[in-house]
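Scroll down for the structure; my scribbles are underneath it.
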Amino acid sequence: MASERYNARSVEQKWQQRWDEDNIFQTSTLPDSDKETYYVLEMFPYPSGRIHMGHVRNYAMGDVIARYKRAKGFEVLHPMGWDAFGMPAENAAMQNKTHPKGWTYHNIASMRTQLKSMGLSLDWSREFATCDPDYYAQQQKLFLDFLAADLVYRKNAKVNWDPVDMTVLANEQVIDGRGWRSGAEVEQRELTQWFFKISDFSEDLLDSLDGLDQWPAKVKLMQANWIGKSTGARVRFALTENSKTSASEIEVFTTRPDTMYGAGFMALAAEHPLSLELAQTDSELSAFMDECRKIGTSVAAIETAEKMGFNTGLTVAHPFIEGRVLPVYVANFVLMGYGTGAIFGCAAHDQRDLDFARKYDLDVIPVIADASSPDQAIEVGDTAYLGDGVMVNSGFLDGLAKDDAIEAAINKLQEQSLDNSPQGVGEINYKLRDWGVSRQRYWGCPIPVVHCDDCGVVPEKEENLPIALPEDVTFDTPGNPLDRHPTWRDVPCPSCGKPAKRETDTMDTFVDSSWYFARFTDPKSSTPTNVSAANRWLPVDQYIGGIEHAILHLLYSRFFARAMSITGHMDIQEPFKGLFTQGMVVHETYKSKEGDWLQPSEIDIIDDGSNRSARHSATGDPVVIGGIEKMSKSKRNTVDPDDIISSFGADTARWFVLSDSPPDRDVIWTEAGVEGAHRFVQRIWRLVNSVASRDNQSGNDDADLKLRKAAHKTLARVDEMIPGLRYNSAVAQIYTLVSELEQSAKSQSVSTKVLTDAMGMTIQMIAPMMPHLAEECWTVIGRAGMVSATAWPELDPEMLVESAITLPVQINGKKRGEISVPVDLDKQGVEEAVLSEHFVQSALSGKEPRKVVVVPGRIVNVVI
RNA sequence: GCCCCCUUGGCGAAAUUGGUAUACGCAGCAGACUUAAAAUCUGUAGGUCGAAAGACCGUGCCGGUUCAAGUCCGGCAGGGGGCACCA
């Protein structure tokens with residue numbers, strides 16, 4: 001029996017079926033109150049067609065914690081669903097003449113089969129797709145509740161417009177200013193769109209980050225930067241030359257009112273109302289603004305574009321300096337969406353302003369001096385001075401440090417008056433903008449409102465929900481199919497009954513994923529949530545997904561939790577208590593000599609130890625080994641999980657993605673690594689069989705105790721590592737224990753009872769990661785029931801107690817030896833023992849040590 | 001442009017969060033078993049010098065704090081990610 005190789009394929013199918021039949025992963029919606037609950041969630045997948053290794057890694061990681069917590073006695077909720085709306089379905093529809101619905105559900109079916117082959121401990125009875133009318137009906141209900149609670153509103157916003165395809169383009173569909181499909185130059189258009197008032201929550205979303213102590217610090221930092229709180233002042237500048245406009249002043253927001261005396265110019269965004277007004281009579285300005293619009297809507301594009309400006313000829317008065325006027329420019333780097341859409345430029349102390357001033361030959365006025373020579377401003381060449389100092393050349397601000405100067409400047413602005421109101425006030429600004437959710441696409445959740453000529457925007461009646469997507473649509477004509485579907489679009493006004501038109505925009509797919517975690521707590525509920533179930537299960541104890549969602553998805557979900565609390569759908573403010581952001585699965589890339597990307601399966605690697613090269617399997621041609629990159633179809637460096645699972649088994653795939661790299665870092669997929677993981681599977685199998693076939697024999701007490709101690713020591717470490725998702729470290733501990741078990745199994749000194757018990761514990765520790773193998777081994781060593789339904793082994797603290805400890809001894813900070821001392825020896829005793837050591841004596845050569853540092857249980861350092 | 005992260009042997013990495021740097025695995029090398037191969041097992045392994053004992057150097061680079069730095073601080077370099085309509 002022991003010589004037989006482990007047949008992953010049949011064993012895995014067998015246990016998957018057993019788990020299914022026994023329903024052991026199904027969770028009750030409202031568990032008994034004495035049961036401790038634990039909610040594990042991995043970010044649900046978009047049904048693109050096939051699962052990829054990133055999914056395997058994500059779901060394997062979540063499954064370990066789910067299985068572990070279940071064994072620890074928790075009632076575990078571990079659901080799965082589909083983030084099923086989105087552009088790829090429409091793209092497929094246009095390319096392949098399929099319907100988005102058919103395409104999506106077909107993909108879901110095949111991906112479900114693939115996920116099931118991984119042996120995940122999921123409660124499949126809770127599965128849903130966001131494109132199920134049952135789900136989006138509830139989302140429409142939420143939208144109406146948000147509307148009633150004044151959390152939703154309409155305003156104009158810019159979109160990328162493709163004039164040939166007659167459609168709105170996502171930023172990623174704009175390539176070098178042109179539509180990805182048509183190649184036409186993209187225009188900016190203003191559309192009236194729906195917005196969620198996330199900015200009302202800026203302060204709360206920022207402050208509450210502090211309480212998220214189980215989130216990675218970097219994600220919290222990214223969110224804080226995204227919310228972008230800055231304190232400063234709103235300042236009104238009076239126009240001194242305004243012959244071209246009816247305006248009398250320009251308002252700016254600045255975080256540096258202390259540098260006001262260094263102001264050299266003023267700059268307006270191209271979309272600033274004053275810019276727009278001036279452009280009506282100034283064709284040159286109008287042309288300049290057209291150029292600005294071509295840069296695109298993304299911040300990255302605007303900020304990396306070359307700084308350009310247009311002098312409007314207007315001037316404004318400096319608030320503090322009698323007689324000083326500043327020229328007013330329209331500039332392509334000023335963002336309308338932040339502050340007031342206008343800035344004052346202080347070239348000496350802001351790099352962007354300095355670049356602009358040098359280009360247009362504007363004043364550069366340094367107003368900060370080094371504290372050691374407070375009368376001499378720091379010279380500025382091509383690099384702005386951003387450091388600290390004291391104010392100089394700044395009138396009443398002279399000699400003040402930055403924070404004091406900011407306060408003094410704001411106070412003065414407050415006292416000064418312009419048109420009978422203060423010239424400036426202190427103000428807090430946030431970069432966080434309201435969340436635009438309107439999408440001019442078919443495959444999304446319809447926004448449940450009707451536009452009536454008489455009544456305006458009218459919410460749909462709740463009893464009419466869901467406003468279901470019509471299925472008889474085609475994608476052969478450009479534009480949104482909902483716009484040209486009269487029987488769906490034209491409806492009576494829910495208020496007055498006159499002919500009216502449905503809103504044809506659908507919701508951003510981020511809306512779908514902003515509350516699915518709450519829906520999972522009772523997915524059949526006739527209201528968006530079953531409030532008791534949501535409150536019982538939420539927040540999600542451990543959420544796992546890619547770092548790419550660190551900002552938007554997580555921030556939107558945090559907003560939704562608040563909005564759903566306000567509208568009475570749950571009482572939870574923070575949706576995710578613990579967050580883990582996993583790394584990507586990456587792979588080497590290969591190119592043929594013709595420069596075509598090649599798949600890993602098309603090539604052979606030749607490795608003689610010193611040189612590594614690759615060859616095309618079919619032709620024998622040399623292959624260029626490229627960089628290690630994220631697995632992607634375009635680079636053809638993907639590995640299909642199905643292939644791995646059918647040749648090695650799900651356990652091997654799971655073990656590999658869990659063992660090789662720390663989960664938050666990228667893992668490099670290698671053939672050798674997978675084979676190594678598979679060898680370990682076979683090694684466990686041989687070991688278990690040799691233990692099972694051993695005669696019942698007694699052993700010697702020392703050897704028995706040593707093995708028991710090893711097992712419990714490993715258990716203690718694994719217990720510490722699994723909750724922190726430090727799986728690679730847990731794996732290393734298990735390897736060490738397995739080696740020890742192999743030695744014990746060979747020798748006659750360990751009793752069969754102790755050996756079998758230690759083997760059992762090892763199987764239990766492996767079970768969360770390789771559940772099928774563990775079940776099979778559990779049976780082989782004669783344990784009853786399923787390991788998946790067995791309680792986690794109890795740790796025996798006595799097994800961790802040691803009587804002596806080995807301490808490293810340093811001399812002047814360098815390790816020079818070791819000393820073994822009783823564990824409970826005090827500092828004085830350790831010091832004496834160390835000083836009497838031979839090598840310490842000879843190092844001292846008769847002198848007294850200057851200092852002896854004893855860190856109990858850790859290290860001793862003798863300083864000479 | 002702005003923001004964030006990462007950098008430890010040939011490779012993936014570990015280091016109890018300031019306390020023995022390189023655990024564990026992969027690849028390698030040597031050996032055992034085998035007619036042979038595969039599979040498996042045993043040993044070996046940061047660099048330099050040395051027969052050895054051992055000494056010195058060593059966590060991207062430069063500097064600092066400390067009895068002690070991979071870990072903390074300042075500066076620099078290289079690589080990667082995000083930037084609001086991809087999911």
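By convention in this document, chain letters (A, B, ...) are assigned in the order of the sequence lines, proteins followed by strands, and residues within each chain are numbered from 1. Both backbone and side-chain heavy atoms feed into the values below; hydrogens, waters and symmetry mates do not.
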If you take atom types as modelled and just measure distance, does the side chain of [X] reach the base of [N] with a donor-acceptor pair under 3.5 Å?
{"X": "A/Q743", "N": "B/C41", "value": "no"}
{"X": "A/R441", "N": "B/C85", "value": "yes"}
{"X": "A/N225", "N": "B/C3", "value": "no"}

Margin query: Quick one, A/F680 with A/Y735, criterion ring pair (Phe, Tyr, Trp, His ring centres under 6.0 Å). Give me CA distance, side-chain angles, the key distance, then yes/no.
Written below: CA-CA 9 Å; A/F680 183 68; A/Y735 269 114; 4.5 Å; yes

If the [atom1] atom of [N] is compared with that of [M], how far apart are they to the nearest Å?
{"N": "B/C2", "M": "B/A13", "atom1": "C1'", "result": "33 Å"}
{"N": "B/C73", "M": "B/U66", "atom1": "P", "result": "16 Å"}
{"N": "B/G58", "M": "B/G70", "atom1": "P", "result": "10 Å"}
{"N": "B/G31", "M": "B/G81", "atom1": "P", "result": "45 Å"}
{"N": "B/G63", "M": "B/G12", "atom1": "P", "result": "27 Å"}

Margin query: By nearest heavy atom, map A/I859 and A/L221 onto RNA chain B; which one lands nearer the 5' end?
Written below: A/L221

Margin query: With nearest nucleotide decided by heavy atoms, which residue, A/V159 or A/A732, maps closer to the 5′ end of RNA chain B?
Written below: A/A732

Please work out if [X] contacts a base, only the sugar-phosphate, or nothing of the nucleic acid, heavy-atom cut-off 4.0 Å.
{"X": "A/T670", "answer": "nothing"}
{"X": "A/Q682", "answer": "nothing"}
{"X": "A/A300", "answer": "base"}
{"X": "A/T509", "answer": "sugar-phosphate"}

Next item on the list: If the plane angle is over 60° it's perpendicular, under 30° parallel, otherwise tilted; pick one for A/H549 and A/H553.
Entry: perpendicular

Checklist line | Base-pairing mate for B/C41 - Watson-Crick or G-U, with both contacts under 3.5 Å | finding: B/G31

Next item on the list: Both distances under 3.5 Å, Watson-Crick or G-U wobble: report the partner of B/C85, or none.
Entry: none

Margin query: Can a donor-acceptor pair be found, under 3.5 Å and without considering hydrogens, that links the side chain of A/S199 to the backbone of A/L432?
Written below: no

Margin query: Given 3.5 Å as the limit, does a donor-acceptor pair link the side chain of A/R441 with the main chain of A/M87, or not?
Written below: no

Taking the minimum atom-to-atom distance to the side chain of [X], which one of [options] wins?
{"X": "A/K431", "options": "B/C85, B/C24, B/A84", "result": "B/A84"}
{"X": "A/P88", "options": "B/A84, B/A87, B/A27", "result": "B/A87"}
{"X": "A/V853", "options": "B/G19, B/C85, B/C41", "result": "B/G19"}
{"X": "A/Q440", "options": "B/C85, B/C4, B/G19", "result": "B/C85"}
{"X": "A/R679", "options": "B/C85, B/A27, B/U17", "result": "B/A27"}
{"X": "A/R816", "options": "B/C56, B/U40, B/A87", "result": "B/C56"}
{"X": "A/V299", "options": "B/U16, B/A27, B/A84", "result": "B/A84"}

Short heteroatom pairs, N/O only, protein and nucleotides 57-59 of chain B, under 3.5 Å:
from, atom 1, to, atom 2, distance (Å)
B/C57, OP2, A/K814, NZ, 2.9

Note to self: So which atom in A/L41 and which in A/Y516 form the shortest heavy-atom distance, rounded to 0.1 Å?
What the structure shows: CD2-OH, 3.7 Å

Spacing of [X] atom [atom1] relative to [N] atom [atom2], expressed in whole Å:
{"X": "A/L552", "N": "B/C4", "atom1": "CG", "atom2": "P", "value": "17 Å"}
{"X": "A/Y430", "N": "B/C83", "atom1": "OH", "atom2": "P", "value": "24 Å"}
{"X": "A/R683", "N": "B/C41", "atom1": "CZ", "atom2": "C1'", "value": "11 Å"}
{"X": "A/D434", "N": "B/C85", "atom1": "CG", "atom2": "P", "value": "12 Å"}
{"X": "A/R50", "N": "B/A87", "atom1": "CZ", "atom2": "P", "value": "22 Å"}
{"X": "A/K851", "N": "B/C67", "atom1": "NZ", "atom2": "P", "value": "5 Å"}
{"X": "A/R5", "N": "B/A39", "atom1": "CZ", "atom2": "P", "value": "9 Å"}
{"X": "A/E90", "N": "B/C85", "atom1": "CD", "atom2": "P", "value": "17 Å"}

All N/O contacts under 3.5 Å from nucleotides 9-13 of chain B to the protein, with atom names and distances to one decimal?
from, atom 1, to, atom 2, distance (Å)
B/G12, O2', A/D660, O, 2.8
B/G12, O2', A/S661, OG, 2.9
B/A13, O3', A/N728, ND2, 3.4

Margin query: Please determine whether a side-chain nitrogen of the Lys or Arg among A/E742 and A/R686 lies less than 4.0 Å from a carboxylate oxygen of the Asp or Glu.
Written below: no

Item checked: Electrostatic pair A/D508-A/R439, nearest N-O below 4.0 angstrom -> yes

Note to self: Any residue in residues 713-720 of chain A with a heavy atom nearer than 4.0 angstrom to RNA chain B? Just list them by number, or reply none.
What the structure shows: none

Note to self: Please evaluate residues A/V834 and A/V852 with respect to the criterion side-chain contact (heavy atoms from CB on, under 4.5 Å), reporting the C-alpha separation (whole Å), side-chain torsions for both, the decisive distance (0.1 Å), and the verdict.
What the structure shows: CA-CA 9 Å; A/V834 165; A/V852 179; 5.6 Å; no

Check: Relative to A/F356, does A/K307 satisfy both conditions: NZ or CZ under 6.0 angstrom from the six-membered ring centre, and within 45 degrees of the ring's axis?
Finding: no

Next item on the list: Test A/F517 against A/Y543 for ring pair (Phe, Tyr, Trp, His ring centres under 6.0 Å), laying out the working first.
Entry: CA-CA 10 Å; A/F517 51 86; A/Y543 196 36; 7.2 Å; no

Margin query: Looking only at the side chains, is there a donor atom on one of A/Q582 and A/N58 sitting less than 3.5 Å from an acceptor on the other?
Written below: yes

